[in-house]
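The structure presented is a predicted model; accordingly, all values stated were derived computationally and were not measured.
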Amino acid sequence: MPDRFGKSIYFFLLLLVFGWHVSAQSPVELFRQGEAAQGAGNYYRAIEWYRSALTANPHYFDALQGMGEAFFGLGEYADALLFIDKGLNLDAGNHYLRSLKGRALIGLGRFVDAEAEFNTVLSEVPNQIDARFGLAELDVAHGKVKNAIYRFEDALKKLPDNRRALLSLVLLYDALDESEVSEDYIKAALRYHPAEASVRYIAGRHYVELGRYEEAEYHVTLALNLQPGDQKALALMSRIFLKQEKYAQTVSLLEGMVSSQRDNPELWYTLGIAYDRLGRLDEALTSLHRVFRLQSDNEMARIALEDILIRSTDLEDPVRRDAASFHFQKAGLLEGKYLLSQALYEYRRGLLLNPYSIEGRRGFANLYRIKGFLGKYLNELEVLEAEGADGVDILDELEIQRSMQSDTLAQRWKINQFQMQPKTYQVLVAYDPATSSGVHYNAQDILSRYLVSAITGIPHVTVHEGSAYSGSFSAVFQTAREQGTDYFLLLTINEEERSFAVKGDIYTSATGRKLDHFSIFRTGNDRIAGCADRLGQYMKDAFPLRGTLIDRKFDEGIADFGSFHGAEQGQEYVILRQDRIALSKERIGFTWTENDVLGTFTVEETDEFLSRGVVKKRSFFDLINPGDMVLFPGEKETQTPRDSVPHDELYRDILQVP
């Protein structure tokens, strides 16, 4: 107790001395301390000194401006705007501060107000450089990257060593994948400003983009020597270590960072991935769970955690049960809003994590009942029974459904429609690392496996074993041919801070010819799950329904597709000999001639996975036999979602260029 009391007295006296020391300094001295801290990149320390200066003199213009600059440097644009406006109350004609206000407004998404600020400044001083650069940043926010490049390059004609213009051009040309041009600008920035930490940091980012990790490490090391403890540089260094597979160094670096930034979700995410690479499973899961405590809606961290669970844990692991419960609860909420497609996706994801969940299987089954697929509903209840579920309500429901479905199409023709193995389109899925990007480390690899799981449930498409890997077009084309697939899908995955986009090209495995293209873009909460659900719907629609005539009695026949696939009463299909058709090399589907048509199949009754129809021969001789293909001849129009807006987060990077 005496020791604790003595320590308390000691710290109390220390605070008194520090407080006396601060109060003994003039506002100008306090401001200069803040200015020095800001120059060293320590915005938190700068804010502390500026605030002390303002306590001594609330109307100290330089300290108000410093507070605005420091909060702007931290990306806290609302707080920056508060102090900028206080400064403008003292000096309304300050063009630099008005331009800074415009930049803060861009950061807040108030683009119209920002443009008004810049134009006001330029109407008074036509060549004011900060306002001109502000309009360039505004161009980036509007997606007009070429316009922004023109403004920055025009400024360099008069000011060839302007750091902000040079670094902004590096970021812009890197975003456009024009690395040869951006290389020239980063070399110029290094030549003019070799001792600037921000220049070394941007150089590190540039070389990471090019995959030149040793050069990136060199420049970031210099940035940290110039500005020790800079959090952005440390975070970038951790990614460089990860890219070089220096996992132990990554963990050591990140553990030091999270000790002082325990509320930084990005650090915990990256640390979790590094632990996973070292095989430290429990620590990886703990780190990713920490992200949820900080950001319960962090989709990427949840997907990464589930990816680890699927790859590295037993099906009975209790952590998998907890992860699955999240999806089952989410599915229930979506079901309540009658968003059945999204709810179905969530149930599938949950059952992938915990296939033995009675709660999940029951909800999954009930969703099929709501959608009108009573045969599928009964089948899922029977799965529950087989897995030992013996609740009275389940057993009673089983008895009711068996009684109600005793006279179905499948029962009358004595076919177990849920054990059939119909022919499907074989598709290999991969992503292109050259065109994909992610703000989280290894995001593309993790997300590719996640997106493949969205396609796996499509009844007439089989995702080929070995899917969800990265490769160039030629490598994926070769693999698709070697594995004997019909098609391959090459994805471009772009994960940004506030949006998610997936583009895809579908090619024939026979010749590598591109047959179709789609683009899916989402913002807001659940953007990744929304894209995954839309991808599944797109793939289901993109491949025309095909089936096989599995039985025939005179002019009646049974085909192995039904209402679950979209078959409806009155639809007419063509019947073709299997050996007379081939996959089209021009479009997704098959090619045949009228001479190959043996007859028609007109649907009269459907079960979930079966259709009964009238079989009508085409020629005098009846050549139609079980095993022949039944194909829907119509071309389905598929809606392609709007393309993503490129570089929709780029302007936030440009705003942070000092």
Side-chain angles (χ1 to χ4, degrees), residues 19 22-23 25-125 128-138 140-142 164 198 230-232 261 263-265 294-295 497-498 649 651-658:
V22 169
S23 63
Q25 296 183 76
S26 70
V28 173
E29 290 172 323
L30 294 168
F31 166 75
R32 285 175 180 162
Q33 296 270 27
E35 192 175 38
Q38 183 178 328
N42 191 337
Y43 294 117
Y44 299 103
R45 187 69 170 159
I47 288 169
E48 182 181 358
W49 286 111
Y50 291 145
R51 202 180 296 279
S52 297
L54 289 170
T55 299
N57 178 4
H59 303 293
Y60 190 1
F61 175 83
D62 290 343
L64 289 169
Q65 177 175 300
M67 287 287 276
E69 291 171 335
F71 277 118
F72 186 91
L74 291 173
E76 300 293 340
Y77 301 117
D79 289 309
L81 191 61
L82 177 66
F83 286 98
I84 291 168
D85 280 338
K86 287 182 178 180
L88 288 173
N89 285 337
L90 300 175
D91 184 3
N94 189 297
H95 299 121
Y96 165 76
L97 205 56
R98 296 207 70 163
S99 297
L100 185 62
K101 178 177 181 177
R103 299 182 73 201
L105 290 167
I106 294 176
L108 293 170
R110 294 167 57 183
F111 300 147
V112 174
D113 293 339
E115 186 173 12
E117 287 292 337
F118 297 137
N119 287 333
T120 297
V121 172
L122 291 171
S123 68
E124 297 172 3
V125 185
Q128 212 279 337
I129 193 68
D130 297 298
R132 287 191 171 277
F133 284 172
L135 287 176
E137 292 167 341
L138 196 58
V140 180
H142 287 308
R164 188 168 153 199
S198 59
D230 181 76
Q231 298 303 310
K232 289 196 299 183
Q261 297 186 67
D263 293 337
N264 188 324
L294 296 170
Q295 289 181 336
E497 289 287 355
R498 294 170 177 79
E649 293 295 326
Y651 75 92
R652 298 185 182 276
D653 282 340
I654 299 293
L655 279 176
Q656 289 300 301
V657 173

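Ion pairing between a basic and an acidic side chain is recognised when a charged N comes within 4.0 Å of a carboxylate O; Arg110 and Glu117 show no such pairing. Here Glu29 does not pair with Arg32 in a salt bridge; the nearest charged N to carboxylate O distance is not below 4.0 Å.
Once rounded to the nearest 0.5 Å, the distance linking CG of Leu30 with CH2 of Trp49 reads 6.0 Å. We find the CG-CZ distance between Leu81 and Phe72 to be 11.0 Å, quoted to the nearest 0.5 Å. Note that CZ of Phe118 and CG of Leu135 are 6.0 Å apart. Values are rounded to the nearest 0.5 Å. Leu90 CG to Asp62 CG: the interatomic distance, rounded to the nearest 0.5 Å, is 10.5 Å. Summarising the geometry, atom CD belonging to Glu69 is positioned 12.0 Å from atom CG belonging to Leu74; distances are rounded to the nearest 0.5 Å. The line from CD1 of Ile106 to CG of Asp113 is 11.0 Å long, rounded to the nearest 0.5 Å.
A side-chain donor-acceptor contact under 3.5 Å links Gln38 and Tyr50.
Summarising the geometry of Ala53 relative to Ala63, their closest heavy-atom pair is CB-CB, 4.1 Å, with the distance given to 0.1 Å. Counting all heavy atoms, side chain and backbone alike, Ala104 lies closest to Ile84 at CB-CD1, 4.4 Å. Here the closest heavy-atom approach between residue Ala114 and residue Gly102 is recorded as CB-O, 3.3 Å. Summarising the geometry of Pro58 relative to Thr55, their closest heavy-atom pair is CD-O, 4.4 Å, with the distance given to 0.1 Å. Across all their heavy atoms, Ser99 and Ala131 have their closest contact at OG-N, 3.3 Å.
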Discussion item. Quick one, Leu64 with Asn89, criterion side-chain contact (heavy atoms from CB on, under 4.5 Å). Give me CA distance, side-chain angles, the key distance, then yes/no.
Written reply: CA-CA 11 Å; Leu64 289 169; Asn89 285 337; over 6 Å; no
Item to complete: Evaluate salt bridge (Lys or Arg N to Asp or Glu O under 4.0 Å) for Glu48 paired with Arg45, printing each intermediate quantity in order.
Response: CA-CA 5 Å; Glu48 182 181 358; Arg45 187 69 170 159; 2.7 Å; yes
Worksheet entry | Worked verdict on Leu100 versus Asp130 for side-chain contact (heavy atoms from CB on, under 4.5 Å) | CA-CA 8 Å; Leu100 185 62; Asp130 297 298; over 6 Å; no
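For the pair Gln128/Arg98, no side-chain contact is recorded, criterion being any heavy-atom separation below 4.5 Å from C-beta on. Side chains of Asn94 and Gln65 form a contact here, defined as non-hydrogen atoms less than 4.5 Å apart. Counting only heavy atoms from C-beta outward, the side chains of Leu97 and Asp91 never approach each other to under 4.5 Å. With contacts defined as side-chain heavy-atom distances shorter than 4.5 Å, the pair Met67/Lys86 does not qualify.
The aromatic rings of Phe83 and Phe71 sit parallel to each other, their planes meeting at less than 30°, with 60° as the upper class boundary.
Applying the ring pair (Phe, Tyr, Trp, His ring centres under 6.0 Å) test to Phe61 and every residue at least two apart in sequence or in another chain returns nothing.
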